[in-house]
Amino acid sequence: MADKGYGYEECEATADWLLARTGVRPAVGIVCGSGLGGLADMLKDQVAFNYEDIPNFPQSTVHGHAGRLVFGTLKGRSCVCMQGRFHLYEGYPVQKITLPIRIFKLLGVDTVMLTNAAGGLNRDFKVGDIMVIKDHLNLPGFAGVNPLSGPNDERFGARFPCMSDAYDGALRQMAMHVGRELGYGDFLKEGVYCVLGGPSFETIAESRMLHKLGADAVGMSTAHEVIVARHCGMRVLALSLITNQAVMDYDSEAKANHEEVLETGTRRAAQLERLVSTMVTKMELNNNNNNYAGDADRGTLACQRKPQ
Ligand SMILES: O=P(O)(O)O[C@@H]1C[C@H](O)[C@@H](CO)O1
């Protein structure tokens, strides 16, 4: 695997490169979805890196994904934020698009908060709803496209990780609670996210099928990152912004398009940012922002927490 540029040693080299250039020791890692890059702007005392300058990092190629890794603090809590993520349809192997999640782990991140833009399949969902993801359908995974395929490196995690608890129950509950407290009750939902490879949007028959399979929203990201985050033991919260209704009716004139996705992102950005930042200030973190072992302290299980 190492020769493909996303093995343990590459991740370690990238984490060390970053840690040598910032004093921030992040406990929370945030991933911004399409049009939701404003989340990174919430961070104070920023130290930011362009993806093109970070060793082993892929490059963002999609409009609405700026391509910057931003370190900083959110109400005093140390965070790192991907302002732009990678997708299968950009042509990267699934192991490469999820490499930043492993780097999060080696930076000391304990909790990952992911956001995405998604098409609504659940007929009760409206454009602008925020869906707390409770589970996913990984359709590329059914065809063997899984970020954990290939040799397993035990320093990251077990060969056969459990996924029935992928989306942390306590964080989901907290998101619903905080969201209601912020007055978002009318547009806060819970549901199942389905990932496809993209970049073409779904046909009507495909959307109908996904809905029948139990998906509430459809998108082109997130599930791969969640699998990798859970493999190496980080907690996960993921939020979908319903940016458009998936077209499920042959009489409909609606057509999915990326511009609508970005526009909805802009309209809901402030509320999503508030939900994420309020959660960061309220959540219990296990690493006290300070658990990075560094080269000298790394044992054979380098992903293990340093004792507090
Ligand atoms: O990165 P996310 O999942 O938010 O991006 C979605 C899926 C496609 O990349 C794009 C389609 O408009 O938005």
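Every number for a ligand or one of its atoms is a count from 1 in the order of the listing.
Residues H177 and E181 have side chains that bring a donor and an acceptor to within less than 3.5 angstrom of each other.
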I'd like a table of donor-acceptor pairs (distance under 3.5 Å, sequence neighbours excluded) in which one partner is a side-chain atom from residues 267-274, with atom names and distances.
unit_1: R268; atom_1: NE; unit_2: G128; atom_2: O; d: 2.6
unit_1: R268; atom_1: NH2; unit_2: G128; atom_2: O; d: 3.4

Please tabulate, for side-chain N and O atoms in residues 65-73, each donor-acceptor pair with protein atoms closer than 3.5 Å (sequence neighbours left out).
unit_1: H65; atom_1: ND1; unit_2: R85; atom_2: N; d: 3.0
unit_1: H65; atom_1: NE2; unit_2: S34; atom_2: OG; d: 2.8
unit_1: R68; atom_1: NE; unit_2: Q83; atom_2: OE1; d: 2.9
unit_1: R68; atom_1: NH2; unit_2: Q83; atom_2: OE1; d: 3.4

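Between W17 and F49, the ring center distance clears the sub-6.0 Å criterion.
In plain terms, the two heavy atoms of N116 and S240 that are nearest each other are OD1-OG, 2.8 Å.
Listed by first and then second residue, the ring-ring contact (aromatic ring centres under 6.0 Å, His included) pairs that reach into residues 125-146 are H136-Y167, sequence neighbours excluded.
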Are there any protein N or O atoms under 3.5 Å from the N or O atoms of ligand 1? List them with distances, or say none.
unit_1: ligand 1; atom_1: 1 (O); unit_2: H65; atom_2: NE2; d: 3.4
unit_1: ligand 1; atom_1: 1 (O); unit_2: R85; atom_2: NH1; d: 3.0
unit_1: ligand 1; atom_1: 1 (O); unit_2: H87; atom_2: NE2; d: 2.7
unit_1: ligand 1; atom_1: 3 (O); unit_2: S221; atom_2: OG; d: 2.5
unit_1: ligand 1; atom_1: 4 (O); unit_2: S34; atom_2: N; d: 2.8
unit_1: ligand 1; atom_1: 4 (O); unit_2: A117; atom_2: N; d: 2.8
unit_1: ligand 1; atom_1: 5 (O); unit_2: S34; atom_2: OG; d: 2.7
unit_1: ligand 1; atom_1: 9 (O); unit_2: H87; atom_2: NE2; d: 3.3
unit_1: ligand 1; atom_1: 9 (O); unit_2: Y89; atom_2: OH; d: 2.5
unit_1: ligand 1; atom_1: 12 (O); unit_2: H258; atom_2: ND1; d: 2.6
unit_1: ligand 1; atom_1: 13 (O); unit_2: S34; atom_2: OG; d: 2.9

